[in-house]
A.B. asks: 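Take a look at the following structure, please.
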Amino acid sequence: MTTLTEADAIAGLRDALGLLKDREQVAERLLESSARHSFDPDKELDWDAPYEEGKWFWPPELVSLYDTPLWKRMSEEQRILLSQHEATALASLGIWFEIILMQLMVRHIYDKAATSAHVRYALTEIEDECRHSKMFARLIARGDAPWYPVSRLHQHLGRLFKTVSTTPGSFAATLLGEEVLDWMQRLTFPDERVQPLVRGVTRIHVIEEARHVRYAREELRRQMVTAPKWSQEFTRISSGEFARVFSVAFVNPEVYTNVGLDKREAVAQVKASPHRREVMQQGAKRLTDFLDDIGVLRGVGRRLWKSSGLLA
Ligand SMILES: [Fe+2]
Ligand SMILES: [Fe+2]
């Protein structure tokens, strides 16, 4: 009687599912797309145009306090100011994510042949993220709202994570960082109520980010079949924990103080807001459906995802 080795089982599963795409083929396609659609934000966007009176910096429905009792008491001017601070806080968060991601990518390719399309694409993605971080930094510097760093605890957790994370853990975290913000940015760039510069920044980011999401999804799908069992389980738990950090760090509470609101009251109202819960769950839905499909949302990991508020 022959015993089925693990490799046979994986190959069989792969064929049965017909899902795992060839790593090199995926990367070649992404390299072609990068060659066709990449932008230099310094040249592409009009950084000197003054901001337009009465325009939002983030769609109001995506501002954390939207539809809360506090929101109803705020003037239109204060709401717009809050949208500017939240957009700036999200740009700051975006830079934090991207810098973590760049290190994860560098670690991912360290042992791989640099001649492969998979590694060449990873290097291309790091180039994209360098441009994005510079673009977000320029957007922050362009307005009146400050740079919003994450808390010291999250800063240290990020340092630990980017140093020790496994490959599937890294790609799960990458998707979390990219997909929720991407969902919001897809609503932002076509919105005529929003400042043209913010629309331009989010448009560039959405176009280039679509490739990153594809790359991370294909790799994570492969990893959740081929990685050792302990590593798959670690991914379930670490991604659930990352989801909890993400949902707390998402909007820096200092934004409320800086627009003249009571921070504690504002945080409590955001937490209790059914509209906000709906926005965050809808923003994460494409991702959580995918993670569920590839077996990340199970057991303890699933419970952590639920407690993050991102999974219904
Ligand atoms: Fe990016
Ligand atoms: Fe990205």
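Keep in mind the model is a prediction, meaning the values are calculated, not measured. In listed order, ligands and their atoms are each counted from 1.
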A.B. asks: Assess the side chains of H85 and E254: does a donor N or O sit below 3.5 Å from an acceptor N or O?
C.D. replies: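 H85 vs E254: no donor-acceptor pair found between side chains.
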A.B. asks: So for atom NZ, which belongs to K162, do other residues, nucleotides or ligands contribute more than 12 heavy atoms lying within a distance under 6.0 Å?
C.D. replies: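 Atom NZ in K162 is packed in, count exceeds 12.
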A.B. asks: Between the side chains of S239 and W305, does any donor sit under 3.5 Å from an acceptor?
C.D. replies: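 S239 vs W305: donor-acceptor pair found between side chains.
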A.B. asks: Does the separation of the ring centres of H118 and Y215 fall below 6.0 angstrom?
C.D. replies: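 They qualify: ring centres under 6.0 Å apart.
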A.B. asks: Under 6.0 Å between ring centres: does that hold for F171 and H108?
C.D. replies: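 Centroid distance F171-H108: below 6.0 Å, so yes.
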A.B. asks: What count do you get for protein N/O/S atoms less than 2.8 Å from the Fe ion (ligand 1)?
C.D. replies: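 The number of such protein atoms is 5.
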A.B. asks: Between F136 and H205 (judged by ring centroids, cut-off 6.0 Å), do the two rings come close enough to count as a pair?
C.D. replies: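 Yes, ring centres under 6.0 Å apart.
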